[in-house]
There are 2 protein chains.
Amino acid sequence: MFYTVGEAAKILGVAPSTLRYYDKEGLLPFVERSESGLRMFKESDMDWLKLIGCLKATGMPIKGIRRFIECAREGDGTIGERLKILEAQRESVKNQISELERHLKMIDYKVWYYKTAQSLGSTSAMESYKTQGSQD
Amino acid sequence: MFYTVGEAAKILGVAPSTLRYYDKEGLLPFVERSESGLRMFKESDMDWLKLIGCLKATGMPIKGIRRFIECAREGDGTIGERLKILEAQRESVKNQISELERHLKMIDYKVWYYKTAQSLGSTSAMESYKTQGSQD
DNA sequence: TATTGACTTAAAGTATAGTTTAACTTATAT
DNA sequence: ATATAAGTTAAACTATACTTTAAGTCAATA
(Lines give C-alpha, C1' and ligand atoms only; values in the text may rest on other atoms or scores of the structure.)
Protein backbone atom coordinates (compact mmCIF):
# COMPACT_ATOMS: atom_id res chain seq x y z
CA MET A 1 0.00 0.00 0.00
CA PHE A 2 2.86 2.36 0.86
CA TYR A 3 6.45 2.78 -0.17
CA THR A 4 9.30 3.81 2.13
CA VAL A 5 11.57 6.60 0.93
CA GLY A 6 14.08 4.01 -0.24
CA GLU A 7 11.50 2.05 -2.23
CA ALA A 8 10.02 5.19 -3.76
CA ALA A 9 13.50 6.42 -4.68
CA LYS A 10 14.34 3.12 -6.35
CA ILE A 11 11.12 3.13 -8.40
CA LEU A 12 11.73 6.72 -9.50
CA GLY A 13 15.44 6.22 -10.16
CA VAL A 14 16.66 8.88 -7.75
CA ALA A 15 18.60 8.84 -4.48
CA PRO A 16 16.62 8.72 -1.22
CA SER A 17 18.44 11.89 -0.18
CA THR A 18 16.95 13.62 -3.22
CA LEU A 19 13.41 12.83 -2.06
CA ARG A 20 14.25 14.03 1.46
CA TYR A 21 15.67 17.21 -0.06
CA TYR A 22 12.53 17.75 -2.14
CA ASP A 23 10.45 17.25 0.98
CA LYS A 24 12.53 19.79 2.88
CA GLU A 25 12.05 22.23 0.00
CA GLY A 26 8.28 21.89 0.23
CA LEU A 27 7.76 19.79 -2.87
CA LEU A 28 6.16 16.85 -1.06
CA PRO A 29 3.58 18.25 1.38
CA PHE A 30 1.24 15.42 0.40
CA VAL A 31 3.49 12.63 1.69
CA GLU A 32 2.13 11.34 4.99
CA ARG A 33 4.11 9.99 7.92
CA SER A 34 3.72 6.89 10.05
CA GLU A 35 3.17 7.36 13.77
CA SER A 36 6.92 7.10 14.29
CA GLY A 37 7.69 9.69 11.62
CA LEU A 38 8.62 7.54 8.63
CA ARG A 39 7.52 8.82 5.22
CA MET A 40 4.79 6.74 3.57
CA PHE A 41 4.55 7.23 -0.22
CA LYS A 42 1.15 6.40 -1.77
CA GLU A 43 0.58 5.59 -5.45
CA SER A 44 -0.82 9.09 -5.97
CA ASP A 45 2.34 10.51 -4.39
CA MET A 46 4.32 8.66 -7.05
CA ASP A 47 2.20 10.35 -9.72
CA TRP A 48 3.01 13.71 -8.20
CA LEU A 49 6.69 12.80 -8.16
CA LYS A 50 6.53 11.91 -11.84
CA LEU A 51 5.08 15.33 -12.58
CA ILE A 52 7.79 16.93 -10.42
CA GLY A 53 10.36 14.97 -12.40
CA CYS A 54 8.86 16.21 -15.65
CA LEU A 55 8.92 19.86 -14.56
CA LYS A 56 12.46 19.50 -13.19
CA ALA A 57 13.72 17.79 -16.36
CA THR A 58 12.27 20.59 -18.45
CA GLY A 59 14.17 23.20 -16.47
CA MET A 60 11.72 24.48 -13.88
CA PRO A 61 13.60 25.46 -10.70
CA ILE A 62 12.65 23.92 -7.34
CA LYS A 63 10.96 27.16 -6.28
CA GLY A 64 8.77 27.15 -9.37
CA ILE A 65 7.74 23.58 -8.77
CA ARG A 66 6.99 24.41 -5.14
CA ARG A 67 4.68 27.22 -6.25
CA PHE A 68 2.79 24.81 -8.49
CA ILE A 69 2.42 22.28 -5.66
CA GLU A 70 1.28 25.02 -3.29
CA CYS A 71 -1.35 26.06 -5.81
CA ALA A 72 -2.65 22.52 -6.05
CA ARG A 73 -3.00 22.40 -2.26
CA GLU A 74 -4.85 25.70 -2.23
CA GLY A 75 -7.66 24.27 -4.33
CA ASP A 76 -9.83 25.24 -7.27
CA GLY A 77 -9.18 28.96 -6.90
CA THR A 78 -5.71 28.40 -8.34
CA ILE A 79 -6.70 26.43 -11.46
CA GLY A 80 -6.03 29.52 -13.56
CA GLU A 81 -2.57 30.03 -12.08
CA ARG A 82 -1.69 26.37 -12.49
CA LEU A 83 -2.79 26.52 -16.12
CA LYS A 84 -0.67 29.62 -16.70
CA ILE A 85 2.38 27.95 -15.16
CA LEU A 86 1.95 24.86 -17.35
CA GLU A 87 1.33 26.86 -20.52
CA ALA A 88 4.49 28.89 -19.85
CA GLN A 89 6.41 25.67 -19.27
CA ARG A 90 5.04 24.26 -22.52
CA GLU A 91 6.32 27.29 -24.42
CA SER A 92 9.65 26.99 -22.64
CA VAL A 93 9.98 23.33 -23.65
CA LYS A 94 9.12 24.13 -27.26
CA ASN A 95 11.82 26.81 -27.28
CA GLN A 96 14.33 24.45 -25.72
CA ILE A 97 13.60 21.90 -28.46
CA SER A 98 14.01 24.55 -31.19
CA GLU A 99 17.30 25.69 -29.68
CA LEU A 100 18.62 22.14 -29.48
CA GLU A 101 17.61 21.49 -33.09
CA ARG A 102 19.44 24.63 -34.11
CA HIS A 103 22.56 23.54 -32.22
CA LEU A 104 22.23 20.03 -33.64
CA LYS A 105 22.63 21.48 -37.13
CA MET A 106 25.93 23.09 -36.14
CA ILE A 107 27.16 19.85 -34.57
CA ASP A 108 26.10 17.91 -37.67
CA TYR A 109 28.11 20.32 -39.78
CA LYS A 110 31.15 19.89 -37.53
CA VAL A 111 30.85 16.11 -37.70
CA TRP A 112 30.82 16.34 -41.48
CA TYR A 113 33.79 18.70 -41.33
CA TYR A 114 35.92 16.36 -39.23
CA LYS A 115 34.88 13.26 -41.17
CA THR A 116 36.03 14.94 -44.36
CA ALA A 117 39.20 16.22 -42.69
CA GLN A 118 39.87 12.71 -41.43
CA SER A 119 39.60 11.28 -44.93
CA LEU A 120 41.91 13.99 -46.22
CA GLY A 121 44.33 13.49 -43.34
CA SER A 122 44.35 17.08 -42.09
CA THR A 123 42.17 20.06 -41.26
CA SER A 124 44.36 22.41 -43.30
CA ALA A 125 43.31 20.42 -46.38
CA MET A 126 39.78 21.68 -45.64
CA GLU A 127 40.64 25.27 -46.52
CA SER A 128 38.74 25.09 -49.80
CA TYR A 129 35.56 23.97 -48.00
CA LYS A 130 35.67 26.72 -45.41
CA THR A 131 32.71 29.06 -45.21
CA GLN A 132 31.17 30.90 -42.30
CA GLY A 133 31.56 29.54 -38.79
CA SER A 134 34.06 26.83 -39.57
CA GLN A 135 37.42 26.34 -37.99
CA ASP A 136 39.36 23.33 -36.66
CA MET B 1 40.28 44.14 -36.68
CA PHE B 2 40.06 43.17 -32.98
CA TYR B 3 37.39 43.23 -30.29
CA THR B 4 38.01 43.98 -26.62
CA VAL B 5 36.53 41.60 -24.07
CA GLY B 6 33.59 43.97 -23.59
CA GLU B 7 32.87 44.21 -27.31
CA ALA B 8 33.18 40.46 -27.81
CA ALA B 9 30.90 39.84 -24.85
CA LYS B 10 28.29 42.22 -26.23
CA ILE B 11 28.33 40.56 -29.66
CA LEU B 12 27.99 37.10 -28.09
CA GLY B 13 25.37 38.19 -25.56
CA VAL B 14 27.32 37.17 -22.48
CA ALA B 15 28.95 39.07 -19.60
CA PRO B 16 32.60 40.07 -19.94
CA SER B 17 33.26 38.19 -16.71
CA THR B 18 32.02 35.02 -18.41
CA LEU B 19 34.64 35.35 -21.14
CA ARG B 20 37.35 35.98 -18.54
CA TYR B 21 36.14 32.91 -16.65
CA TYR B 22 36.27 30.79 -19.83
CA ASP B 23 39.77 32.06 -20.47
CA LYS B 24 40.84 31.14 -16.95
CA GLU B 25 39.36 27.66 -17.46
CA GLY B 26 41.47 27.16 -20.57
CA LEU B 27 38.70 27.55 -23.14
CA LEU B 28 40.28 30.49 -24.94
CA PRO B 29 43.99 29.67 -25.46
CA PHE B 30 43.73 31.16 -28.95
CA VAL B 31 42.89 34.69 -27.78
CA GLU B 32 45.97 36.87 -28.11
CA ARG B 33 46.97 39.76 -25.89
CA SER B 34 48.15 43.28 -26.65
CA GLU B 35 51.58 44.32 -25.42
CA SER B 36 49.94 45.69 -22.27
CA GLY B 37 48.00 42.47 -21.62
CA LEU B 38 44.55 43.32 -22.99
CA ARG B 39 42.69 40.48 -24.72
CA MET B 40 42.28 40.94 -28.48
CA PHE B 41 39.47 38.86 -30.00
CA LYS B 42 39.81 38.09 -33.72
CA GLU B 43 36.92 37.09 -36.01
CA SER B 44 38.09 33.48 -35.88
CA ASP B 45 38.04 33.68 -32.07
CA MET B 46 34.39 34.67 -32.32
CA ASP B 47 33.76 31.55 -34.41
CA TRP B 48 35.39 29.45 -31.71
CA LEU B 49 33.26 31.14 -29.10
CA LYS B 50 30.12 30.34 -31.08
CA LEU B 51 31.14 26.68 -31.10
CA ILE B 52 31.85 26.86 -27.37
CA GLY B 53 28.39 28.38 -26.89
CA CYS B 54 26.85 25.55 -28.90
CA LEU B 55 28.60 22.84 -26.88
CA LYS B 56 27.76 24.58 -23.60
CA ALA B 57 24.09 25.07 -24.57
CA THR B 58 23.85 21.37 -25.40
CA GLY B 59 25.10 20.39 -21.97
CA MET B 60 28.81 19.77 -22.40
CA PRO B 61 30.65 20.71 -19.18
CA ILE B 62 33.50 23.23 -19.24
CA LYS B 63 36.06 20.44 -18.82
CA GLY B 64 34.70 18.61 -21.85
CA ILE B 65 34.86 21.75 -23.95
CA ARG B 66 38.41 22.35 -22.76
CA ARG B 67 39.42 18.87 -23.89
CA PHE B 68 37.99 19.57 -27.34
CA ILE B 69 39.87 22.88 -27.57
CA GLU B 70 43.07 21.23 -26.39
CA CYS B 71 42.67 18.60 -29.12
CA ALA B 72 42.29 21.27 -31.76
CA ARG B 73 45.54 22.88 -30.57
CA GLU B 74 47.35 19.56 -30.69
CA GLY B 75 46.79 19.23 -34.42
CA ASP B 76 45.75 16.63 -36.96
CA GLY B 77 46.62 13.69 -34.70
CA THR B 78 43.48 14.44 -32.70
CA ILE B 79 40.99 14.59 -35.57
CA GLY B 80 39.68 11.17 -34.59
CA GLU B 81 39.17 12.18 -30.96
CA ARG B 82 37.48 15.43 -31.95
CA LEU B 83 35.15 13.49 -34.24
CA LYS B 84 34.32 11.07 -31.43
CA ILE B 85 33.55 13.93 -29.05
CA LEU B 86 31.24 15.59 -31.57
CA GLU B 87 29.47 12.35 -32.50
CA ALA B 88 28.85 11.64 -28.81
CA GLN B 89 27.52 15.17 -28.38
CA ARG B 90 25.25 14.71 -31.39
CA GLU B 91 23.77 11.57 -29.83
CA SER B 92 23.38 13.40 -26.54
CA VAL B 93 21.49 16.25 -28.22
CA LYS B 94 19.20 13.82 -30.03
CA ASN B 95 18.43 12.13 -26.71
CA GLN B 96 17.79 15.47 -25.04
CA ILE B 97 15.31 16.36 -27.78
CA SER B 98 13.53 12.99 -27.44
CA GLU B 99 13.31 13.44 -23.68
CA LEU B 100 11.91 16.94 -24.03
CA GLU B 101 9.34 15.74 -26.55
CA ARG B 102 8.30 13.00 -24.16
CA HIS B 103 7.94 15.52 -21.33
CA LEU B 104 6.09 17.90 -23.63
CA LYS B 105 3.40 15.28 -24.09
CA MET B 106 2.85 15.10 -20.34
CA ILE B 107 2.68 18.87 -20.07
CA ASP B 108 0.26 19.00 -22.99
CA TYR B 109 -1.93 16.52 -21.19
CA LYS B 110 -1.80 18.59 -18.00
CA VAL B 111 -2.70 21.73 -19.90
CA TRP B 112 -5.71 19.94 -21.36
CA TYR B 113 -6.58 18.66 -17.90
CA TYR B 114 -6.56 22.11 -16.30
CA LYS B 115 -8.33 23.74 -19.23
CA THR B 116 -11.13 21.22 -18.86
CA ALA B 117 -11.14 21.59 -15.08
CA GLN B 118 -11.31 25.35 -15.52
CA SER B 119 -14.37 25.07 -17.74
CA LEU B 120 -15.98 22.73 -15.22
CA GLY B 121 -15.01 24.98 -12.31
CA SER B 122 -13.14 22.36 -10.30
CA THR B 123 -10.59 19.57 -10.48
CA SER B 124 -12.83 17.19 -8.54
CA ALA B 125 -15.28 17.37 -11.45
CA MET B 126 -12.50 15.74 -13.49
CA GLU B 127 -12.77 12.43 -11.64
CA SER B 128 -14.48 10.75 -14.56
CA TYR B 129 -11.62 11.71 -16.89
CA LYS B 130 -8.88 10.41 -14.60
CA THR B 131 -6.62 7.71 -15.96
CA GLN B 132 -2.99 6.92 -15.22
CA GLY B 133 -0.67 9.69 -14.12
CA SER B 134 -3.27 12.33 -13.53
CA GLN B 135 -3.91 14.25 -10.39
CA ASP B 136 -4.56 17.89 -9.59
C1' DT C 1 15.90 -10.09 22.29
C1' DA C 2 19.66 -8.55 19.89
C1' DT C 3 21.49 -7.28 15.64
C1' DT C 4 21.28 -5.21 11.29
C1' DG C 5 19.72 -2.32 7.77
C1' DA C 6 16.89 1.50 6.82
C1' DC C 7 14.80 5.30 8.61
C1' DT C 8 14.99 10.36 10.93
C1' DT C 9 17.04 15.36 11.29
C1' DA C 10 20.24 19.26 11.01
C1' DA C 11 24.19 20.84 9.30
C1' DA C 12 28.08 20.75 6.59
C1' DG C 13 30.15 19.61 2.17
C1' DT C 14 30.33 19.19 -3.09
C1' DA C 15 29.93 20.42 -7.93
C1' DT C 16 29.20 23.53 -11.62
C1' DA C 17 29.13 27.83 -13.54
C1' DG C 18 29.54 31.79 -13.14
C1' DT C 19 29.56 36.97 -10.63
C1' DT C 20 31.42 40.34 -7.65
C1' DT C 21 34.99 42.81 -5.31
C1' DA C 22 39.33 45.09 -4.58
C1' DA C 23 43.29 46.99 -6.06
C1' DC C 24 45.42 48.35 -9.93
C1' DT C 25 46.53 49.57 -15.12
C1' DT C 26 45.34 51.08 -19.73
C1' DA C 27 42.99 53.60 -23.38
C1' DT C 28 40.07 57.36 -24.98
C1' DA C 29 38.13 61.81 -24.98
C1' DT C 30 38.17 66.57 -23.56
C1' DA D 1 47.32 66.53 -18.99
C1' DT D 2 43.70 64.47 -16.80
C1' DA D 3 39.39 62.42 -15.95
C1' DT D 4 36.81 58.43 -16.88
C1' DA D 5 35.48 54.29 -18.81
C1' DA D 6 37.06 49.87 -19.48
C1' DG D 7 40.69 46.74 -19.08
C1' DT D 8 43.69 43.36 -15.70
C1' DT D 9 44.18 39.67 -11.73
C1' DA D 10 43.25 36.87 -7.63
C1' DA D 11 40.17 35.75 -4.45
C1' DA D 12 35.87 35.69 -2.42
C1' DC D 13 31.08 35.24 -3.05
C1' DT D 14 26.52 33.44 -5.11
C1' DA D 15 23.09 30.24 -6.79
C1' DT D 16 21.20 25.77 -7.60
C1' DA D 17 20.69 21.19 -6.59
C1' DC D 18 21.99 17.86 -4.37
C1' DT D 19 25.07 14.54 -1.24
C1' DT D 20 27.33 13.33 2.86
C1' DT D 21 27.96 13.11 7.71
C1' DA D 22 26.77 12.55 12.46
C1' DA D 23 23.97 11.20 15.92
C1' DG D 24 20.22 8.95 16.86
C1' DT D 25 15.54 5.99 16.10
C1' DC D 26 12.79 2.32 13.96
C1' DA D 27 11.57 -2.20 11.90
C1' DA D 28 12.37 -6.80 10.47
C1' DT D 29 14.81 -11.17 11.24
C1' DA D 30 17.56 -14.86 13.26
Side-chain angles (χ1 to χ4, degrees), chain A residues 1-42 45-46 49-69 89 92 96 99 103, chain B residues 1-42 45-46 49-69 89 92 96 99 103:
Chain A
M1 200 63 176
F2 292 107
Y3 301 113
T4 65
V5 69
E7 289 163 348
K10 194 161 196 178
I11 290 166
L12 296 162
V14 301
S17 61
T18 303
L19 295 182
R20 294 195 187 101
Y21 167 68
Y22 287 173
D23 196 4
K24 198 178 60 173
E25 292 299 312
L27 266 49
L28 316 180
F30 43 78
V31 174
E32 293 180 58
R33 301 295 186 113
S34 72
E35 217 169 277
S36 58
L38 303 193
R39 290 176 186 82
M40 298 179 354
F41 290 79
K42 305 179 286 292
D45 297 346
M46 302 303 279
L49 276 161
K50 282 165 199 162
L51 177 56
I52 289 169
C54 171
L55 296 176
K56 193 180 64 67
T58 55
M60 188 181 288
I62 297 289
K63 282 186 182 178
I65 299 173
R66 175 167 58 202
R67 181 64 201 139
F68 185 85
I69 301 278
Q89 191 66 7
S92 167
Q96 288 176 56
E99 276 284 274
H103 291 308
Chain B
M1 198 61 175
F2 293 106
Y3 302 114
T4 65
V5 69
E7 289 163 347
K10 193 161 197 178
I11 290 166
L12 297 163
V14 301
S17 61
T18 302
L19 295 182
R20 295 195 186 101
Y21 167 68
Y22 288 174
D23 197 3
K24 199 177 59 170
E25 292 300 311
L27 266 48
L28 315 180
F30 43 79
V31 174
E32 292 180 59
R33 301 294 187 112
S34 73
E35 215 169 282
S36 59
L38 303 195
R39 291 176 186 83
M40 300 178 353
F41 290 80
K42 305 180 286 294
D45 297 347
M46 303 303 277
L49 277 161
K50 281 166 200 160
L51 178 56
I52 288 169
C54 171
L55 296 177
K56 193 180 64 67
T58 54
M60 188 180 288
I62 298 288
K63 282 185 182 180
I65 299 173
R66 175 168 57 200
R67 179 65 200 139
F68 185 85
I69 301 278
Q89 192 66 7
S92 167
Q96 288 176 57
E99 276 284 274
H103 290 309

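Computed from a prediction, not measured in an experiment: that's the story for all the values here. These numbers come from the heavy atoms of this one structure, side chains and all, not from hydrogens, waters or symmetry mates. Letters go in sequence order (proteins before strands), and every chain restarts at 1.
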Inset, instruction - Test side chain to side chain contact (heavy atoms under 4.5 Å, CB included) on B/Leu27 and B/Ile62 and set out the steps. - result: CA-CA 8 Å; B/Leu27 266 48; B/Ile62 298 288; 3.7 Å; yes
Inset, instruction - Under the side chain to side chain contact (heavy atoms under 4.5 Å, CB included) rule, what do B/Leu49 and B/Leu28 come out as? Steps first, then yes or no, please. - result: CA-CA 8 Å; B/Leu49 277 161; B/Leu28 315 180; 3.5 Å; yes
In whole angstrom, what separates [X]'s [atom1] from [N]'s [atom2]?
| X | N | atom1 | atom2 | answer |
| --- | --- | --- | --- | --- |
| A/Arg33 | D/dA27 | CZ | P | 13 Å |
| B/Lys10 | D/dA5 | NZ | P | 15 Å |
| A/Ile52 | D/dA17 | CD1 | P | 13 Å |

Inset, instruction - Under 4.0 Å from any atom of DNA chain C, heavy atoms only: list the residues of residues 56-64 of chain A that qualify, in numerical order. - result: none
Legend entry - Along DNA chain C, first and last positions that approach a heavy atom of chain B under 4.0 Å: C/dA17 to C/dA27
Inset, instruction - Mind running a 4.0 Å heavy-atom check of residues 14-25 of chain A against DNA chain D and sending the residues that fall below it, in number order? - result: A/Ala15, A/Ser17, A/Thr18, A/Tyr21, A/Tyr22
Less than 4.5 Å apart, side chain to side chain, heavy atoms only: is that true for [X] and [Y]?
| X | Y | answer |
| --- | --- | --- |
| A/Arg39 | A/Arg20 | yes |
| B/Phe41 | B/Ile11 | no |
| B/Thr58 | B/Ser92 | no |
| A/Leu12 | A/Leu19 | yes |
| B/Lys63 | B/Arg66 | yes |

Legend entry - Flag if over 12 foreign heavy atoms under 6.0 Å of OH, A/Tyr22: yes
Legend entry - Lys/Arg N to Asp/Glu carboxylate O, B/Lys42 vs B/Asp45, below 4.0 Å: yes
Legend entry - Nearest heavy-atom neighbours spanning B/Pro16 and B/Gly6: CG-CA, 4.3 Å
